[in-house]
2 protein chains.
Amino acid sequence: MKQQNLAALPTLAALKDKGFRLTKIRRLIVGAFFSDTTVPVSAAELQLQLLASGTKANKTTVYRELEFLSAQGVIVEINAGDGRKRYELKRYGHHHHVLCLRCNTVECVAVENCALEEQLSGLKDFKVTGHTLNFFGLCAECR
Amino acid sequence: MKQQNLAALPTLAALKDKGFRLTKIRRLIVGAFFSDTTVPVSAAELQLQLLASGTKANKTTVYRELEFLSAQGVIVEINAGDGRKRYELKRYGHHHHVLCLRCNTVECVAVENCALEEQLSGLKDFKVTGHTLNFFGLCAECR
DNA sequence: TTGACAAATGCAACCTTGTTGCAATACAAT
DNA sequence: ATTGTATTGCAACAAGGTTGCATTTGTCAA
Ligand SMILES: [Mn+2]
Ligand SMILES: [Mn+2]
Ligand SMILES: [Zn+2]
Ligand SMILES: [Zn+2]
């Protein structure tokens, strides 16, 4: 019962191949992103999850690991508009997000084929490289 | 040549009718929002504009005035995803924004009839009350 | 196994954006 | 001019995040 989150293993192996180390915290964080919850998670939430599972990680370490995993393309940063960044596995394709204004929960919203950037007009000299579409309102529990 | 930004006057008169005072800083800030630049502005930028035009306003005052004008429906808050809020006159209808990732300039993007919220599906118990669509990339000067 | 070296970590101090309590000031009605 | 209160300034605070640097730990080669 030691090694859960089997899906995380290829990712960890790839990181090791690139010369990075597989530390306890790194394994746990990657494992957390691969675990059941598909909800985007913030640095503080992640730190708490680690603590709950018995590992005390410094705030700086968590931030640095999130930055690292983003740079390595393992996770992506999500800015839902409230004051904190969240992260989720990059494997999910392009999609949008919904934020509850009361409990600040973020949900992912699938999107078939998003053509928002093509529909954009009136920007003569602006090179668009991406977009974020955030809906907000009240979730089931909060409405 | 004392009173510029004539378009700001009805707004100021309406505020006065509601019992609020027309202080120097309030006049200047409302005037700034009505002046030529239609680019969304942050608290710090606004404070600098005031300073450049000869009026020193405290940081707290600027934040409180932006909050006040938002509450009064004169301006709206914009969250472009970088770490700072911006504000613009509420008179422009619903539209979206473009953020330059290098110089952090924000531009407004008109939108004919935005049906993004109607097209949203798969959220059984979530009551959507609004959305923000931010494009990002490189502006003319930065690309 | 054991060293050695670099990657990763912890800590404290710092930064930015924004907020709060409270005393002092300045509108505007009288 | 006087007065009541909206507004302001100041200092202190708070959340989220970053940085420098000394210490620890993962990895690999001997
Ligand atoms: Mn998502
Ligand atoms: Mn705008
Ligand atoms: Zn909620
Ligand atoms: Zn730019």
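Chain letters run A, B, ... following the sequence lines, proteins first, then strands; residues in each count from 1.
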Aromatic centroids of B:F135 and A:F126 separated by under 6.0 Å: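 No, ring centres 6.0 Å or more apart.
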[X] side chain near [N] phosphate (N/O to OP1/OP2, under 4.0 Å):
| X | N | result |
| --- | --- | --- |
| A:T61 | C:dG10 | yes |
| B:N58 | D:dT8 | no |
| B:Y63 | C:dG18 | yes |

Side-chain-base donor-acceptor pair under 3.5 Å for A:K59 and D:dG17: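 Yes, a donor-acceptor pair under 3.5 Å.
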Whole-Å gap separating [atom2] ([N]) and [atom1] ([X]):
| X | N | atom1 | atom2 | answer |
| --- | --- | --- | --- | --- |
| B:R26 | C:dA28 | CZ | C1' | 13 Å |
| B:L69 | D:dT8 | CG | P | 10 Å |
| A:N104 | D:dG16 | CG | C1' | 14 Å |
| B:R84 | C:dT19 | CZ | P | 15 Å |
| A:D82 | C:dT19 | CG | C1' | 17 Å |
| A:K18 | C:dA8 | NZ | P | 12 Å |
| A:E77 | D:dG16 | CD | C1' | 12 Å |
| A:Q72 | C:dA8 | CD | C1' | 14 Å |

Just checking [X]: base, sugar-phosphate only, or nothing, at a heavy-atom cut-off of under 4.0 Å?
| X | result |
| --- | --- |
| A:K56 | sugar-phosphate |
| A:K85 | sugar-phosphate |
| B:F20 | sugar-phosphate |
| A:R64 | base |
| B:T60 | base |
| B:R21 | base |

Closest to side chain of B:T23, choosing from C:dA8, D:dT8, D:dG17: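 Selected nucleotide (nearest to the side chain): D:dT8.
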Donor-acceptor contact below 3.5 Å, side chain A:R27 vs main chain A:L22: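 Yes, A:R27 side chain to A:L22 backbone: donor-acceptor pair under 3.5 Å.
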Atom CD of B:E67: over 12 foreign heavy atoms under 6.0 Å: no
Separation between NZ of B:K85 and CG of B:L66, rounded to the nearest 0.5 Å: 10.0 Å
Gap separating the CD atom of A:E77 from the CG atom of A:L69, nearest 0.5 angstrom: 12.5 Å
Nearest-nucleotide 5' precedence on DNA chain C, B:E67 against A:A57: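 Nearest-nucleotide comparison on DNA chain C picks A:A57.
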